[in-house]
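Some notes on the structure that comes next.
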Amino acid sequence: MPKNILITGGAGFIGSHVVRLMVEKYSNYNIYNLDKLTYAGNLENINDIKDKPNYHFIKADIVDSAEINKIIVENNITDILHLAAESHVDRSIESPLDFAMTNIIGTINLLNAAKNYWQKDYSAHRFYHISTDEVYGSLGSEGLFTELTSYDPHSPYSASKASSDHFVRAYHDTYGLQVVISNCSNNYGPNQFPEKLIPLCINNIIQEKPLPIYGDGKYTRDWLYVIDHARAIDEVFHFGKNGETYNIGGHNEWKNIDLVNLLCDIMDKKLNRTPGKSQELIKFVKDRPGHDLRYAIDASKIERDLGWKPSLQFSEGLEKTVDWYLENQSWTDAITHGSYMAYYEKHYLNR
Ligand code: NAD
Ligand code: DAU
């Protein structure tokens, strides 16, 4: 069926891979990429598909409810894939209100616009909210997050995402909106903004700058290649059951320090440096407040019900990621000046 799909946050890291997949795979869908182009949004991320006839870009802020209503009506939007968010935990500790505005109020604005415009027949439309495993809080050394794990967010970022998830479920239960939610683990891959652990370390290794490891480095994350996440989003959007939640993860847990050591080994080979050279850059620094010890996803529901599985081994995905950053240093250079450097210096100075 032809559809007019609004994808929010499509100029960001994950959103750009989702937009590309949808534009290329479904020529009968019109894809409207709505993005405010904050520091994290970059149209370069989707430069390769910008001239496709089924792709359209709209610069807008999801916090502006009147504008959002207008866009949904004027473009006869049939479905929404909602990824736009403030996404960096460290920034949420410095400015929680920005996270409440975009992640909570922005999501409510989209829900309201969808509720009003689709009210004739909610069953013909879908609101898909892309969320995070951080809403579940922290695991100890054992166990996995399932779809039934209670919410227990600790950072302003995860609290804002948890709140938005609750609003999405409330619009399903109260008004009958057709919704699906997915909660994914840490993504990595091309086009990730270099404030996040993996691209930050790749960039610093290239420049021979310190690699800041928070606390003792034993914090654990479950890493998934971004294109595998985009594939999962495609499955959940088309085949996920109304009102349901799907956890998405990589079965791929790494302690931060082990991950950074592996990255150093890969980079030493790629840059023809003496083995062990990049590891000398590792610097243990002051911990992140409220730092969650461990995230790990039980993805058996999406595997069983929708037949999705990660396609890449971590070593393969990490090597592809390193290659992309080495081949696209101008992409990183263009965004790591000005306001980024001001953030970087303030955040890491005296840490
Ligand atoms: P990102 O920070 O790279 O991109 C966010 C995008 O949203 C940017 O293009 C930005 O310009 C846009 N945006 C921000 N505020 C906006 C506003 N008010 N109006 C319109 N657009 C706005 O984020 P990401 O890492 O690609 O994450 C995308 C989504 O996936 C988020 O909802 C995040 O919570 C979720 N998620 C991320 C991860 C991860 O590891 N990165 C894992 C699980 C879930
Ligand atoms: O789990 C999913 C989440 O993963 C997403 O919802 C978030 O949007 C995304 O940013 C990511 O959050 P994390 O906080 O896990 O990612 P980050 O890359 O910031 O940090 C990964 C781990 O590395 C974490 O334990 C903190 C640590 N870290 C991070 C940075 C930036 C360091 O040790 N040093 C650093 O400089």
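Whatever order the structure lists them in is the order used to number ligands and atoms, beginning at 1. Treat the numbers as computed from the prediction; the structure is a model and nothing was measured. Basis for what follows: all heavy atoms, side chains included, without hydrogens, waters or symmetry-related copies.
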Quiz prompt | Top protein contact for atom 35 (C) of ligand 2, by heavy-atom distance | solution = Tyr214 CZ, 3.4 Å
Self-check item: Numbered atoms and elements of ligand 2 in range of Asn256, under 4.0 angstrom, heavy atoms
Solution: 22 (C), 23 (O), 24 (C), 25 (O), 27 (C)
Quiz item: Taking N or O atoms only and a 3.5 Å limit, does Leu200 qualify as a polar contact for ligand 2?
Solution: no
Quiz prompt | Close N or O approach (Ala84, ligand 1; < 3.5 Å) | solution = no
Quiz item: Out of Gly9, Ala85, Ser87, Ser131, whose heavy atom sits nearest atom 14 (C) of ligand 1?
Solution: Ala85
Exercise. Run the salt-bridge test on Lys270 and Asp323 with the 4.0 Å N-O cut-off and return the result as yes or no.
Key: yes
Self-check item: Geometric N/O contact Cys184 with ligand 1, under 3.5 angstrom
Solution: no
Quiz item: With atoms numbered from 1 as shown, which atoms in ligand 1 lie under 4.0 angstrom from a non-hydrogen atom of Leu83?
Solution: 28 (C), 29 (C), 31 (C), 32 (O)
Quiz item: Does His291 have a heavy atom less than 4.0 Å from any atom of ligand 2?
Solution: yes
Quiz item: What protein heavy atom sits nearest atom 18 (N) of ligand 1, and how far away is it?
Solution: Asp61 OD1, 2.9 Å
Quiz item: Are any of the N/O atoms in Val63 less than 3.5 Å from those in ligand 1?
Solution: no
Quiz item: Are any of the N or O atoms of Tyr157 closer than 3.5 Å to those of ligand 1?
Solution: yes
Quiz item: If we only count N/O pairs under 3.5 Å, is Leu34 in contact with ligand 1?
Solution: no
Self-check item: Contact check, Ser185 vs ligand 1, heavy-atom distance below 4.0 Å
Solution: yes
Practice problem: Give yes if a backbone or side-chain nitrogen or oxygen of His229 is under 3.5 Å from a nitrogen or oxygen of ligand 1, and no if not. | Solution: no
Quiz item: Under 3.5 Å between some N or O of ligand 1 and some N or O of Asn187?
Solution: yes
Quiz item: What about Glu86: any of its N or O atoms under 3.5 Å from an N or O on ligand 1?
Solution: no
Quiz prompt | Ligand-side contact atoms (ligand 2) for residue partner Thr132, heavy atom cut-off under 4.0 Å | solution = 1 (O), 2 (C), 3 (C), 5 (C), 6 (O)
Quiz item: What about Asn186: any of its N or O atoms under 3.5 Å from an N or O on ligand 1?
Solution: no
Exercise. Compute the minimum heavy-atom distance from Gly106 to ligand 1 and say whether it is under 4.0 Å.
Key: no
Self-check item: Short N or O distance, Asn42 and ligand 1, threshold 3.5 Å exclusive
Solution: no
Quiz item: Can you tell me if Ala60 has a non-hydrogen atom under 4.0 Å from ligand 1?
Solution: yes
Self-check item: The single option from His88, Glu195, Glu94, Arg91 passing side-chain hydrogen bond (donor to acceptor under 3.5 Å, both in side chains) against Tyr343
Solution: His88
Self-check item: ligand 1 contacted by Thr8 (non-hydrogen, < 4.0 Å)
Solution: no
